[in-house]
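To start, the structure under review is shown below, and the notes come after it.
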Amino acid sequence: KQWYQRRVRGLRISGKIGKKNPTAMTGYLFDPRRNNFEKGRQDTFVFQGLTDVGRIKCIEITADGDDKWLFEMIEVHSQDRRHPAYFRNEQEVWLSTDPREGVSTLKLCS
């Protein structure tokens with residue numbers, strides 16, 4: 001049986017505070033205790049101590065591993081902000097490290 005590993009190298013979150021455009025980078029979006037990014041399931045990853053980016057404007061997600069991944073939406077919460085930011089993959093772009101299957105990095109802005 002062949003096993004595939006869907007991993008996301010990280011999520012770069014960019015925002016707006018006044019005239020500044022700060023960014024924060026998460027670690028890997030991967031939980032070795034479970035199958036991540038399975039069809040029909042919702043995965044939650046929590047990262048503490050990230051830089052406050054103000055109002056979340058964009059995310060950039062980077063693929064890693066040996067399997068392609070298609071997601072519908074990514075929801076980003078900040079404990080410094082009341083409302084989450086939603087980023088929908090409306091063009092249905094696949095993430096993959098293999099350029100024949102998709103793109104390795106995808107930037108979405110609200």
Side-chain angles (χ1 to χ4, degrees):
K1 188 170 188 179
Q2 187 173 10
W3 293 94
Y4 291 98
Q5 199 67 267
R6 286 188 191 101
R7 295 191 327 181
V8 174
R9 183 175 296 152
L11 190 66
R12 180 183 304 278
I13 304 166
S14 57
K16 185 95 171 146
I17 301 176
K19 294 182 179 183
K20 295 181 181 180
N21 298 303
T23 62
M25 186 71 183
T26 69
Y28 274 94
L29 304 182
F30 180 71
D31 183 346
R33 298 168 293 175
R34 58 185 288 201
N35 289 329
N36 300 281
F37 312 118
E38 292 295 316
K39 184 176 182 176
R41 285 201 14 215
Q42 178 178 323
D43 294 295
T44 301
F45 302 92
V46 177
F47 295 92
Q48 302 291 331
L50 295 179
T51 302
D52 179 14
V53 298
R55 183 169 168 248
I56 299 169
K57 304 288 280 173
C58 298
I59 59 169
E60 187 174 308
I61 188 165
T62 303
D64 193 21
D66 57 6
D67 201 8
K68 64 184 180 178
W69 177 49
L70 177 66
F71 66 92
E72 291 179 29
M73 181 187 68
I74 294 177
E75 183 176 332
V76 180
H77 292 259
S78 169
Q79 64 186 60
D80 297 328
R81 306 286 168 211
R82 273 194 253 177
H83 305 287
Y86 299 95
F87 300 93
R88 298 187 193 307
N89 187 0
E90 294 174 354
Q91 302 299 316
E92 296 185 349
V93 177
W94 287 86
L95 279 174
S96 177
T97 54
D98 183 340
R100 296 170 295 172
E101 295 182 332
V103 299
S104 61
T105 300
L106 179 63
K107 183 174 183 177
L108 299 171
C109 296
S110 58

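Since this is a predicted model, take the numbers as computed values, not measurements.
You'll find the side chain of I17 reaches within 4.5 Å of the side chain of P22, heavy atoms only. Two residues are said to be in side-chain contact when any heavy atoms from C-beta on lie closer than 4.5 Å; L95 and I61 meet this criterion. Within the 4.5 Å cutoff, the side chain of I13 has no heavy atoms near those of the T23 side chain. Side-chain contact between I59 and R12 is absent, with no heavy atoms from C-beta onward closer than 4.5 Å.
Residues meeting the side chain to side chain contact (heavy atoms under 4.5 Å, CB included) test with S96, sequence neighbours left out: K68, D98, E101.
Under the 4.5 Å side-chain heavy-atom criterion for Ile, Leu, Val, Met, Phe, Trp and Tyr, W69 and W94 are members of distinct hydrophobic clusters.
Remark: L11 CG to L50 CG distance equals 9.5 Å, nearest 0.5 Å. Note: R100 CZ to T97 OG1 = 10.0 Å, rounded to the nearest 0.5 Å. Atom CD of E60 sits about 9.0 Å away from atom SG of C109, to the nearest 0.5 Å.
S78 and I56 make their closest contact through CB-CD1, 4.3 Å (heavy atoms, listed as atom of the first residue, atom of the second, distance).
Taking a 6.0 Å sphere around NZ of K16, one finds it holds more than 12 heavy atoms contributed by other residues, nucleotides or ligands.
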Distance-only criterion, 3.5 Å: show the donor-acceptor pairs between side-chain atoms of residues 82-93 and protein atoms not counting sequence neighbours.
residue	atom	partner	partner atom	Å
N89	OD1	E92	N	3.3
N89	OD1	V93	N	3.0
N89	ND2	F71	O	3.1
N89	ND2	V93	O	2.9

